[in-house]
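Keep in mind it's a predicted model, so treat the numbers as computed, not measured.
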Amino acid sequence: MSNFRIGHGYDIHRTAPGRRLVLGGVEIFESPFGLDGHSDADCLCHALADAILGAAALPDIGHYFPPGQPETAGMDSKLIVAKALAEANALGWKVVNADCTIVAEKPKVAPHLAAMKAALSQVLGVTPGDVGVKATTNEKLGAIGRQEGIAAFAVVLLTRAD
């Protein structure tokens, strides 16, 4: 059995006027829209949780947090990441590092990247230097380019806990 596992996660949510925008565990106050979803709809946290679960060969976040459950309405998605991490830890895995990408036309997220790294590293139990968070646009192509949604990708490396 390998001492390392790689997991990949992806998530996308539609934009929703009047909702708060949370990405990477950080609220972006200057956004005129948020993301539509049952929890706080933080697509970056959802992608990260799925990457952790995938690396540990576990089911996706829908298994642990079925859509529409009353107890998860408005839930802080950092708790979803924490649950994924707890499930991986229970199998003897710990996070080495994570690399995440946000795909959005607006708002500009660059001013929030350091805060996202700090928030995510705290949940993962690693240093901010072990968490990459970057952003790109979709060059105005497709639904993301038309600002109809925001997507995120995440890759995680797990190792056997000592």
Side-chain angles (χ1 to χ4, degrees), residues 6-55 60-62 64-65 67 69 71-89 94-140 142-158:
I6 297 171
H8 175 263
Y10 168 78
D11 195 43
I12 187 168
H13 284 270
R14 294 178 188 271
T15 55
R19 260 186 82 114
R20 65 190 188 107
L21 178 61
V22 180
L23 290 171
V26 175
E27 186 166 354
I28 301 177
F29 292 100
E30 64 273 16
S31 178
F33 57 80
L35 296 175
D36 188 28
H38 187 65
S39 66
D40 63 10
D42 183 337
C43 62
L44 180 52
C45 281
H46 297 177
L48 182 57
D50 268 341
I52 294 166
L53 293 168
D60 67 17
I61 62 174
Y64 298 96
F65 301 96
Q69 296 297 312
E71 61 273 13
T72 60
M75 177 184 224
D76 181 338
S77 290
K78 291 189 305 288
L79 297 174
I80 295 172
V81 175
K83 171 67 172 172
L85 183 61
E87 293 293 325
N89 290 164
K94 67 178 184 176
V95 172
V96 174
N97 75 305
D99 184 33
C100 308
T101 303
I102 300 164
V103 185
E105 293 298 320
K106 289 187 179 176
K108 295 295 180 194
V109 296
H112 306 281
L113 295 177
M116 290 179 199
K117 286 174 59 107
L120 295 175
S121 66
Q122 184 174 22
V123 175
L124 296 174
V126 297
T127 69
D130 295 321
V131 179
V133 181
K134 54 204 174 301
T136 189
T137 68
N138 223 31
E139 298 293 330
K140 299 185 180 177
I144 292 173
R146 292 187 300 271
Q147 300 175 40
E148 295 172 10
I150 294 177
F153 296 89
V155 178
V156 172
L157 178 64
L158 301 181

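Taking the side chain as every heavy atom from C-beta outward, Val155 and Ile6 approach each other to under 4.5 Å. At least one side-chain heavy atom of Ser39 sits less than 4.5 Å from a side-chain heavy atom of His46. With contacts defined as side-chain heavy-atom distances shorter than 4.5 Å, the pair Leu48/Val156 qualifies. In this structure, Asp36 and Thr15 have side chains that are not in contact, with every pair of non-hydrogen atoms separated by 4.5 Å or more. Taking the side chain as every heavy atom from C-beta outward, Ile28 and Leu23 approach each other to under 4.5 Å. Taking the side chain as every heavy atom from C-beta outward, His13 and Cys43 approach each other to under 4.5 Å.
Side chain of Glu105 to main chain of Lys140: a donor-acceptor pair is present (N/O by atom type, distance under 3.5 Å, no hydrogens or angles). A distance-only check finds no donor-acceptor pair linking the side chain of Asp50 to the backbone of His8 [under 3.5 Å].
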Compile the donor-acceptor pairs under 3.5 Å between side chains in residues 107-126 and protein atoms, sequence neighbours left out, one pair per line.
from: His112; atom 1: NE2; to: Glu30; atom 2: OE2; distance (Å): 2.6
from: Lys117; atom 1: NZ; to: Pro128; atom 2: O; distance (Å): 3.2
from: Lys117; atom 1: NZ; to: Val131; atom 2: O; distance (Å): 2.7
from: Ser121; atom 1: OG; to: Lys117; atom 2: O; distance (Å): 3.0
from: Ser121; atom 1: OG; to: Ala118; atom 2: O; distance (Å): 3.0

Which atom pairs, donor and acceptor, lie under 3.5 Å between side-chain atoms of residues 78-88 and protein residues at least two apart or in another chain?
from: Lys78; atom 1: NZ; to: Asp76; atom 2: OD1; distance (Å): 3.4
from: Lys78; atom 1: NZ; to: Asp76; atom 2: OD2; distance (Å): 3.0
from: Lys83; atom 1: NZ; to: Glu87; atom 2: OE2; distance (Å): 2.7

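For Tyr10, the ring pair (Phe, Tyr, Trp, His ring centres under 6.0 Å) criterion is met by Phe153, not counting sequence neighbours. Applying the side-chain hydrogen bond (donor to acceptor under 3.5 Å, both in side chains) test to Arg20 and every residue at least two apart in sequence or in another chain returns Glu27. Under the salt bridge (Lys or Arg N to Asp or Glu O under 4.0 Å) criterion, Asp99 pairs with Lys134, not counting sequence neighbours. Applying the salt bridge (Lys or Arg N to Asp or Glu O under 4.0 Å) rule to Arg14 yields no partners; only residues at least two apart in sequence or on another chain are considered.
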Dump the intermediate steps for side chain to side chain contact (heavy atoms under 4.5 Å, CB included) on Lys94 and Leu158, then the final yes or no. CA-CA 5 Å; Lys94 67 178 184 176; Leu158 301 181; over 6 Å; no
Practice prompt. Output, in order, the C-alpha distance, side-chain angles, deciding distance and verdict of side chain to side chain contact (heavy atoms under 4.5 Å, CB included) for Ile102 and Val133.
Written response: CA-CA 8 Å; Ile102 300 164; Val133 181; 4.3 Å; yes
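Of all the heavy atoms in Asp42 and Gly25, the pair that sits closest is OD2-N, 2.7 Å. Heavy atoms only, all atoms of each residue included: Ser77 and Ala41 are closest at OG-N, 4.2 Å. Looking at every heavy atom in both residues, Asp60 comes nearest to Leu53 through C-CD1, 3.8 Å. Across all non-hydrogen atoms, the minimal contact from Ala51 to Gly9 is CB-N, 3.6 Å.
In this structure, Ile150 CD1 and Asp11 CG are separated by 11.5 Å, a value rounded to the nearest 0.5 Å. Atoms CG and CD, from Asn138 and Gln147 in turn, are 11.5 Å apart once rounded to the nearest 0.5 Å. Considering CD of Glu71 and CZ of Phe65, their distance stands at 9.5 Å, rounded to 0.5 Å.
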